[in-house]
Amino acid sequence: QVQLVESGGGLVQAGGSLRLSCVASGTIFRIGTMIWYRQAPGKQRELVATNRGSTYYADSVKGRFTISRDDAKNTVYLQMNSLQPEDTGVYYCNLRVWGTRLTFSDYWGQGTQVTVSS
C-alpha cells in the first residue's frame, strides 16, 4: 500500500554534490525511522545514515552527508557533499511508515545509482 520512489542519483565529479530523494506514497500517517544504505561494486551493503535513536552516520560519510525529511511531502533526503569516488554505488532508502497511529511497515526504495568520477 506504500511505495517508495528514489531519485537524484547520477554522475558527478569528485568534490561535487547530489541530493537523493525518497518519496513515499500511499496510506501514510507519518514516517518514522529512516535509513539510507548503499552498496558499492564488490562490497557489502553498508548503512550510510539513520535517524533511529540519535542520528548516526557511517565514519566514511560523517561531515559530508546529511539526512533530513519533509513531512509535508512525505519525502526524506540524503544530501551528499564533497563526493569521492569511493561513494560510488547504489543507494537505497528504507523507511518505517506508519499507516495509522497504531500500525506500521518498513519499505525499501528501488535504489538509485550514484557514480563519482575522479
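All values below come from the heavy atoms of this structure, side chains included, with hydrogens, waters and symmetry mates left out. In this chain, residues are counted from 1 in sequence order.
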| note | dist Q113:CD -> L11:CG (nearest 0.5 Å) comes out at 9.5 Å
| query | Where the side chain of T112 meets the backbone of G9, is there a donor-acceptor pair that is under 3.5 Å apart? | reply | yes
| query | Roughly how far apart are T66 OG1 and R64 CZ, rounded to 0.5 Å? | reply | 10.5 Å
| request: Quick one: pull up OG1 in T75 and CE in M34 and give me the separation to the nearest 0.5 Å. | output: 11.5 Å
| request: Return the minimal non-hydrogen interatomic distance between P85 and A14, and the atom names on each side. | output: CD-CB, 4.2 Å
| field | Pairwise distance OG(S117) to CD(Q84) - rounded to 0.5 angstrom | value | 10.5 Å
| Any side-chain heavy atom of N51 within less than 4.5 Å of one from T33? | yes
| query | Applying the 4.5 Å side-chain criterion to the ILVMFWY set and letting contacts propagate, would V90 and L47 be lumped into a single cluster? | reply | yes
| message | Strictly distance-based, threshold 3.5 Å: is any side-chain N or O of Q110 a donor or acceptor partner for the main-chain N or O of E6? | response | yes
| Y57 side-chain N/O to I67 backbone N/O, donor-acceptor pair under 3.5 Å | yes
| Linked, directly or transitively: V76 and L18 (ILVMFWY side chains, under 4.5 Å) | yes
| task | For residues M80 and D87, determine if any side-chain heavy atom of one lies less than 4.5 Å from a side-chain heavy atom of the other. | result | no
| Side-chain heavy-atom pair Y92, L20 within 4.5 angstrom cut-off | no
| query | Do V5 and V2 belong together in a cluster built from hydrophobic side chains that touch within less than 4.5 Å? | reply | no
| R38 vs S60 side-chain heavy atoms within contact, under 4.5 Å | yes
| task | Check the pair T55 / T50 against side-chain contact (heavy atoms from CB on, under 4.5 Å), numbers first and verdict last. | result | CA-CA 6 Å; T55 304; T50 182; over 6 Å; no
| query | Tell me, which pairs form a salt bridge (Lys or Arg N to Asp or Glu O under 4.0 Å) where one or both residues lie in residues 102-118, sequence neighbours left out? | reply | R96-D106
| Excluding sequence neighbours, so at least two apart, what forms ring pair (Phe, Tyr, Trp, His ring centres under 6.0 Å) with F104? | W98
| Can you tell if the side chain of L4 reaches within under 4.5 Å of the side chain of C93, non-hydrogen atoms only? | yes
| CD1-CD distance between I28 and Q3, expressed to the nearest 0.5 angstrom | 8.5 Å
| query | Could you give the distance from CZ (F65) to CD (Q79), rounded to the nearest 0.5 Å? | reply | 9.5 Å
| task | Quick one: list whatever passes ring pair (Phe, Tyr, Trp, His ring centres under 6.0 Å) with Y77, sequence neighbours left out. | result | none
| said: Side-chain heavy atoms nearer than 4.5 Å, only ILVMFWY residues, links allowed to pass through others: does that put V116 and Y91 together? | reply: yes
